[in-house]
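Notes follow once the structure below has been shown.
As a basis for the values below, the full set of heavy atoms in this structure was taken, side chains included, without hydrogen atoms, waters or symmetry mates. Owing to the predicted nature of the structure, the values given are computational and were not obtained by experimental measurement. Numbers for residues simply follow the sequence, beginning at 1.
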Amino acid sequence: MASAAPPLLPTTVPAAAPATVLPAAPDAAATSIASPDPAATRAFLGRIYDSAKRSLSGARPWPELLDRAALSRPDSLSDATARLRKNLAYFRVNYAALLALSLAVSLLAHPFSLAALLALLAAWCFLYLLRPADAAPLNALGRTFSDRETLGGLIAASVFVVFLTSVGGIIFSALALGAAVVCAHGAFRVPEDLFLDEVPDQGLVGNGATLNLLSFINGAAGGGGRV
């Protein structure tokens, strides 16, 4: 009796199940570039608020500025110049607020210019002022940009927006209009009833407010590891 033939072994190997590809985790360096440091953002906004509050605290009462009884025509050009000099020293904060108001109204009347300035400000904040100190260099368009190159690009963009578009004309026109209003008021406002002995103290306060207004930029840049 013949023995049974051994069973044939399979010649094909079953295909293995395809491996599941997990999505790659986002790069921490890229995340740090796209998202500014929340603490630096809060400090930046806090400095802006405190600086504006200190600056406006030195303003004279607005009814005193708008007192029509104190307005009169100057006798000569030298008289108008002397009035303007005294009123600039006394109402310096109020006049600065008027210039800012003129600029704000002009920008609100031109939404495109306002959007361009806001985009430029956002670029400065996200790419330079509020970037963490340990953030990796900026990667864009398949190229890595150093901090100096990023700063140069922001400056070039600012020059282009302000001087080569209609934004610059709107800003300069608004400031010129505000300056004309300030000069007219300063020339026609009689400064005889003003407490001019307080002007030196106000000058110190105004200078301190100006330094505080500019210090938050240096502080934010210093927090980001830049000067």
Is it the case that one hydrophobic cluster holds both [X] and [Y], taking links as side-chain heavy atoms less than 4.5 Å apart, direct or via other members?
| X | Y | value |
| --- | --- | --- |
| Trp62 | Val182 | yes |
| Phe112 | Leu164 | no |
| Tyr128 | Val161 | yes |
| Phe160 | Leu118 | yes |

Exercise. How many angstroms lie between atom CZ of Arg68 and atom CG of Leu66, to the nearest 0.5 angstrom?
Worked result: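 Rounded to the nearest 0.5 Å, the CZ-CG separation comes to 10.5 Å.
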Using a 3.5 Å distance criterion without hydrogens, assess whether the side chain of [X] forms a donor-acceptor pair with backbone atoms of [Y].
| X | Y | answer |
| --- | --- | --- |
| Asn87 | Pro191 | no |
| Asn94 | Arg60 | yes |
| Ser102 | Ala174 | yes |
| Asp67 | Pro63 | no |

Do [X] and [Y] come within less than 4.5 Å of each other through their side chains, counting heavy atoms only?
| X | Y | result |
| --- | --- | --- |
| Ile171 | Leu103 | yes |
| Thr144 | Leu138 | no |
| Leu117 | Leu107 | yes |
| Phe172 | Phe163 | yes |

What pair of heavy atoms forms the shortest contact from [X] to [Y], and how long is it?
| X | Y | value |
| --- | --- | --- |
| Asp79 | Pro74 | OD2-CA, 3.6 Å |
| Leu65 | Leu98 | CD2-CD1, 4.3 Å |
| Leu99 | Gly178 | CD2-C, 3.3 Å |
| Ile170 | Ser113 | CD1-OG, 2.9 Å |

Exercise. Taking it one step at a time, do Leu114 and Leu108 satisfy side chain to side chain contact (heavy atoms under 4.5 Å, CB included)?
Worked result: CA-CA 7 Å; Leu114 179 60; Leu108 289 176; 3.8 Å; yes
For this session: Answer yes or no for Arg143 and Phe145: cation-pi contact, defined as NZ/CZ to six-membered ring centre under 6.0 Å and angle to ring axis within 45°.
Result: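 Judged by the rule (NZ or CZ under 6.0 Å from the ring centre, within 45° of its axis), Arg143 counts as positioned above Phe145.
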Problem set entry | Working for side chain to side chain contact (heavy atoms under 4.5 Å, CB included), residues Leu120 and Leu154 | CA-CA 8 Å; Leu120 184 62; Leu154 290 173; 5.6 Å; no
Problem set entry | Mutual orientation of the aromatic rings belonging to Tyr95 and His185 [parallel < 30°, tilted 30-60°, perpendicular > 60°] |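 Perpendicular: the ring planes of Tyr95 and His185 meet at over 60°.
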For this session: Applying side-chain hydrogen bond (donor to acceptor under 3.5 Å, both in side chains), name anything that partners Ser158, two or more places apart in sequence or on another chain.
Result: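 Trp124.
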Exercise. With Ser72, which residues qualify under side-chain hydrogen bond (donor to acceptor under 3.5 Å, both in side chains), at least two apart?
Worked result: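 With sequence neighbours excluded, Ser72 shows a side-chain hydrogen bond (donor to acceptor under 3.5 Å, both in side chains) to Arg83, given in chain and number order.
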Problem set entry | Phe91/Lys86 under side chain to side chain contact (heavy atoms under 4.5 Å, CB included): CA gap, chis, key distance, verdict | CA-CA 9 Å; Phe91 293 111; Lys86 293 179 181 179; over 6 Å; no
